[in-house]
> 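Next up is a structure, given as structure tokens.
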Amino acid sequence: MPTWDAQAYAAFTDERARPFVDLTARIGAASPRTVVDLGCGSGALTAGLAERWPTAHVTGVDSSPAMIEAAEPYAGPRVSFVQADLVGWRPAEPVDVLVSNAALQWVPDHRALLPALVDALAPDGWLAFQVPGNFDAPSHQALRAAAAGPAYVAHTSEVVRPAVAEPADYLAELTRLGCRVDAWETTYLHVLQGPDPVLHWLEGTGARPYLDVLPETLRPSFTEALRQRLAQAYPAQPWGTVLPFRRLFVVAQRQAG
Ligand SMILES: C[S@@+](CC[C@H](N)C(=O)[O-])C[C@H]1O[C@@H](n2cnc3c(N)ncnc32)[C@H](O)[C@@H]1O
């Protein structure tokens with residue numbers, strides 16, 4: 001599990017919010033009472049769920065103390081935050097809507113969690129999650145190539161790579177678990193501005209496990225090696241730097257009875 005820096009993660013708020021919006025738009029719940037956001041991060045998107053469903057109490061769950069601290073200002077009468085590992089998390093009562101955006105990929109073998117997540121739902125409850133599907137993209141190839149450099153490999157070789165399944169696999173598994181499933185994928189073309197934007201993007205997410213394990217003295221040269229690879233893979237254009245980003249979406253409704 002990497003450490004999180006809420007400020008670095010917030011650098012691309014609009015781009016990172018878009019899949020959350022696209023995911024939750026497909027949840028058909030009309031007036032849920034209990035909504036849970038697993039791996040909620042810094043809380044702004046979680047709080048938006050309380051606005052969408054004025055009858056709901058919304059709970060954000062995240063294992064990172066930094067993220068929970070950043071989320072606290074969004075807490076209120078209908079929004080609360082809990083620091084906990086989503087792997088062992090079980091609700092006190094059945095949940096009407098369970099959301100997880102850009103978090104499950106950090107949980108090794110998260111497919112094994114699906115039965116427990118479906119079990120946590122009320123009859124007719126909804127499970128909606130989004131995970132990145134870009135681990136073979138040039139950005140991640142650049143990360144792995146930089147991390148394999150002779151100066152870094154002794155530190156980085158044990159870094160666990162996030163992994164996801166294909167949408168059709170999630171669909172098959174959740175259907176077997178008694179859900180009606182809507183699964184799809186989208187490749188966003190983010191147009192990023194400023195110098196080295198893909199590096200800054202990765203510093204908020206994908207590069208964190210590598211930066212975490214490197215001694216402080218090696219981080220600047222590692223970052224520079226990564227910067228050079230990314231600048232080649234994602235050349236700046238007059239309109240900005242285009243970062244194609246594939247994401248996988250699953251919205252499942254538990255079928256009562
Ligand atoms: C990329 S951020 C996404 C945050 C938020 N859902 C969003 O869409 O902006 C991933 C979040 O998942 C959390 N996370 C990762 N593994 C977790 C686990 N096992 N239990 C709880 N939270 C976890 C991290 O702490 C981080 O806040």
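These numbers come from a predicted model, not from an experiment. Order of listing sets the numbers, starting from 1, for every ligand and every atom in it.
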> Can you label the angle between the F12 ring and the W201 ring as parallel, tilted or perpendicular, going by 30° and 60°?
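Taking W201 first and then F12, their aromatic rings sit tilted (interplane angle of 30° to 60°).
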> Any N/O of W106 closer than 3.5 Å to an N/O of ligand 1?
no
> Please list, in number order, the atoms of ligand 1 under 4.0 Å from a heavy atom of V107.
19 (N)
> Give yes or no for whether the N/O distance cutoff of 3.5 Å, strictly under, is met between T205 and ligand 1.
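Looking only at distances, the answer is no, because the N/O contact criterion of under 3.5 Å is not met.
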> How does L86 reach ligand 1, if at all, at less than 4.0 Å between non-hydrogen atoms: by side chain, backbone, both, or neither?
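Both of them.
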> Under a 4.5 Å cut-off applied to non-hydrogen side-chain atoms, are T34 and P91 in contact?
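Not in contact.
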> Counting from 1, what ligand 1 atoms have a heavy atom of A102 closer than 4.0 Å?
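Numbered from 1, ligand 1 contributes 1 (C), 2 (S), 3 (C), 10 (C).
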> Check whether any side-chain heavy atom of V118 lies under 4.5 Å from a side-chain heavy atom of C179, and answer yes or no.
yes
> Of the backbone atoms (N, CA, C, O) and the side-chain heavy atoms from C-beta on, which set of L45 has a member under 4.0 Å from an atom of ligand 1: side chain, backbone, both, or neither?
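Only the side chain of L45 comes within reach of ligand 1.
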> Quick one: does S100's side chain have a donor or acceptor within less than 3.5 Å of a partner on A103's backbone?
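Not confirmed, S100 side chain does not pair with A103 backbone.
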> For M67, take its heavy atoms, then give the atoms of ligand 1 lying under 4.0 Å from any of them.
27 (O)
> Applying a heavy-atom cut-off of 4.0 Å, say which part of A17 lies close to ligand 1: side chain, backbone, both or neither.
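Within the 4.0 Å criterion, A17 makes no contact with ligand 1.
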> Check each atom of ligand 1 against the heavy atoms of G39 and keep those under 4.0 Å away; list them by number with element.
4 (C), 5 (C), 6 (N), 11 (C), 12 (O), 13 (C), 22 (N)
> Can you tell me if R180 uses its side chain to pair, donor with acceptor, with the backbone of Q253 under 3.5 Å?
no
> Show which atoms of ligand 1 fall inside a sub-4.0 Å distance from at least one heavy-atom site of A84.
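Under 4.0 Å from A84, ligand 1 has these atoms: 20 (N), 21 (C).
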> Heavy-atom count around E216 CD within 6.0 Å, excluding the residue itself: above 12?
no
> Report yes if Q105 has an N/O atom closer than 3.5 Å to an N/O atom of ligand 1; otherwise report no.
no
> Under a 3.5 Å distance rule, please check whether T46 uses its side chain to pair with a backbone N or O of D37 as donor and acceptor.
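Pair absent, no side-chain N/O of T46 close to backbone of D37.
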> Side-chain contact test, heavy atoms from C-beta onward, threshold under 4.5 Å: evaluate it for E15 versus L192 and give yes or no.
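With C-beta onward as the side chain, the pair touches.
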> Does any N or O of ligand 1 fall below 3.5 Å from an N or O anywhere on S63, backbone included?
yes
